[in-house]
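Just below is one structure, and these are the notes that go with it.
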Amino acid sequence: MPARRFLAAAVQMNASADKGENLRRAGSYIEQAARRGAALVTLPELFFWRGQPEAEATAAEPIPGPTTERICSLARQFAVYIVAGSILEHNAGQRPFNTSVLIDPRGQILAKYRKIHLFDVAIPGRVEILESARRQAGDQIVIVETELGTIGLTICYDLRFPELFRALTLQGAEIIALPSAFTFFTGAAHWEVLLRARAVENQVYVIAPNQIGKGEGGVPSFGHSAIVDPWGVVVGQARDEECVVIGEVDLEHVMRVRAELPCLAHIRLPVANTVSAQRARSAAAKQTTNPRTG
C-alpha cells in the first residue's frame, strides 16, 4: 500500500554550465530536504547543466550515466525518491532528449520521461527560444506506481497542455511532477494560475521545482517553485532565491476531493483521444497523397 501522507520537496536552483558545482549544490539540497523529512525530492529542469545552447549536444549524457549515477547514490544515501528534474539525454548522433528520471530510495531508476512539448516561442523584444532546433521531442507519457503513490512525469512547457495531465490522471496519477525552467516573462503572467488549474482540473498534487535566475546563454527563469494540492491550494512556495520548499502530500485528501466533487467520473468528451485520432488520419492521408513525404 502507498504511504497515505508524506512530505515532498521542490528544489529551486540557478544552475550554471559547471556540472560539478551543480551536482554539489543539488546534493546539498537533497540532503537538506531529507533532513527536513521529505520522502520525495524533485529537482528543476536542466539542474545538471545550463549553458550555451550550441554546447547542448556536448553536455548531453547517456542515461544511466555520470549524472544519474550520482543522483542514484544520493537517493540511496538519504533513502528518498528523487525526480532528477531533467538531463539532456544523449541520442545517438541526433538532437538530445530533454529527459526526467525517477529514482527510488534504493538508488534504482524506475522510469524516464522524454519531454513531449518543446518550447518554441518568439516574442519580439522579450524572448526567443527554439527548443526544437536543438532537442528531440519524446512521444510517450509516463506514470509510475511507487510506495508514495502513483506519480506522473512532465516537464516545464508541458504545463500548457491540459490533455497530457488529463491522460496521466486517467491512467492513475495522484501526483504529477513538473520540473521546470519557466521563463520570467511567461512565469510572472501564467505560472501559478496554470499550476493551480492543472491540479484542480485533475484533482492531483502538482509538484513544480523551477529554476531561478539566468543560466549562461539563456533567459531569466521565474522561480516560485511550488507544491499545489488537488483543491488548488498552494501548500508550499519558494522565496526568490535558491532554496528548498517543503509541502505535505496527503493521498486521503485526493480521495476526498474526488469523492466530494466527482468531475473525473463525469467526463463526456475524450478530447485528447479525438485530436490524436484526427492527427493520425491527417498524417496517413498525406502519406497516401504523397508517399515520398517525410
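Note that the structure is predicted; figures quoted are calculated from it, not measured.
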Practice task
Please indicate whether Gln52 has more than 12 foreign heavy atoms, meaning atoms of other residues, nucleotides or ligands, lying under 6.0 Å from its CD.
Solution key: yes
Handout entry: Verdict with supporting geometry, Arg106 and Arg76, side-chain contact (heavy atoms from CB on, under 4.5 Å)
Key = CA-CA 5 Å; Arg106 293 170 290 278; Arg76 190 164 50 247; 5.8 Å; no
Among the clusters formed by ILVMFWY side chains lying less than 4.5 Å apart, do [X] and [Y] turn up in the same one?
| X | Y | value |
| --- | --- | --- |
| Leu110 | Ile176 | yes |
| Val257 | Leu264 | no |
| Val233 | Leu261 | yes |
| Ile63 | Leu88 | yes |
| Ile109 | Phe47 | yes |

Would you name the heavy atoms of [X] and [Y] that are closest together and state the gap between them?
| X | Y | result |
| --- | --- | --- |
| Ala173 | Val204 | O-CG1, 3.5 Å |
| Ser100 | Val83 | OG-CG1, 3.5 Å |
| Thr42 | Pro209 | OG1-CG, 3.3 Å |
| Leu46 | Ala15 | O-CB, 3.7 Å |
| Ile227 | Gly247 | CD1-N, 3.4 Å |
| Leu7 | Gly37 | CB-O, 3.7 Å |

Going by heavy atoms in the side chains, are [X] and [Y] under 4.5 Å from each other?
| X | Y | answer |
| --- | --- | --- |
| Glu147 | Tyr81 | yes |
| Val41 | Val11 | yes |
| Tyr113 | Ile155 | yes |
| Phe48 | Leu43 | no |
| Gln12 | Glu241 | no |
| Phe97 | Lys112 | no |
| Gln108 | Ile103 | no |
| Val101 | Ile71 | no |

Interatomic spacing from [atom1] in [X] to [atom2] in [Y] - rounded to 0.5 Å:
| X | Y | atom1 | atom2 | result |
| --- | --- | --- | --- | --- |
| Arg135 | Leu118 | CZ | CG | 8.0 Å |
| Met13 | Ser28 | CE | OG | 9.5 Å |
| His253 | Arg258 | NE2 | CZ | 11.5 Å |
| Leu159 | Leu195 | CG | CG | 5.0 Å |
| Asp18 | Arg25 | CG | CZ | 8.5 Å |
| Leu251 | Tyr205 | CG | OH | 7.5 Å |

Taking side chain to side chain contact (heavy atoms under 4.5 Å, CB included) as the criterion, tell me which of [options] meets it with [X].
| X | options | value |
| --- | --- | --- |
| Thr146 | Leu102, Ile175, Asp104 | Leu102 |
| Glu174 | Ile151, Thr150, Leu148, Ile143 | Thr150 |
| Ile116 | Ile141, Val142, Asp139 | Ile141 |

Can any side-chain N or O of [X] pair as donor or acceptor with the backbone N or O of [Y] at less than 3.5 Å?
| X | Y | value |
| --- | --- | --- |
| Arg36 | Val244 | yes |
| Arg198 | Pro162 | no |
| Asn91 | Gln94 | no |
| Arg95 | Arg134 | no |
| Asp158 | Thr154 | no |
| Asn22 | Ser16 | yes |
| Ser180 | Leu178 | yes |
| Glu248 | Val235 | no |

Would you tell me whether [X] and [Y] have side-chain atoms, one donor and one acceptor, within less than 3.5 Å of each other?
| X | Y | result |
| --- | --- | --- |
| Arg50 | Ser221 | yes |
| Arg239 | His224 | no |
| Glu45 | Ser86 | no |
| Glu242 | Tyr29 | yes |
| Asn210 | Ser225 | no |
| Asn98 | Arg114 | no |

Practice task
Indicate, with yes or no, if the rings of Phe184 and Phe222 have centres closer together than 6.0 Å.
Solution key: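 Aromatic pair counts; centres sit under 6.0 Å.
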Practice task
Measure from the ring center of Phe161 to the ring center of Phe165 and say whether it is less than 6.0 Å.
Solution key: no
Handout entry: Residues which pass salt bridge (Lys or Arg N to Asp or Glu O under 4.0 Å) with Glu61, listed by chain and number, not counting sequence neighbours
Key = Lys19
Exercise for the section: In sequence, state the C-alpha distance, the side-chain angles, and the governing distance for Trp49 and Thr67, and then conclude on side-chain contact (heavy atoms from CB on, under 4.5 Å). Expected result: CA-CA 10 Å; Trp49 180 91; Thr67 292; over 6 Å; no
Problem - Under-4.0 Å salt bridge between Glu131 and Lys115 - result: yes
Handout entry: Lys/Arg N to Asp/Glu carboxylate O, Arg256 vs Glu252, below 4.0 Å
Key =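 A salt bridge is absent here (no side-chain N lies under 4.0 Å from a carboxylate O).
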Exercise for the section: Please lay out, stage by stage, how Arg166 and Glu163 fare under the test salt bridge (Lys or Arg N to Asp or Glu O under 4.0 Å). Expected result: CA-CA 5 Å; Arg166 179 53 50 86; Glu163 64 272 19; over 6 Å; no
Exercise for the section: Verify side-chain contact (heavy atoms from CB on, under 4.5 Å) between Leu130 and Phe119, making sure each step is shown before the conclusion. Expected result: CA-CA 6 Å; Leu130 299 176; Phe119 187 48; over 6 Å; no
Practice task
Check the pair Phe78, Glu31 against side-chain contact (heavy atoms from CB on, under 4.5 Å), reporting the backbone distance first and the verdict last.
Solution key: CA-CA 7 Å; Phe78 296 109; Glu31 179 178 5; 3.5 Å; yes
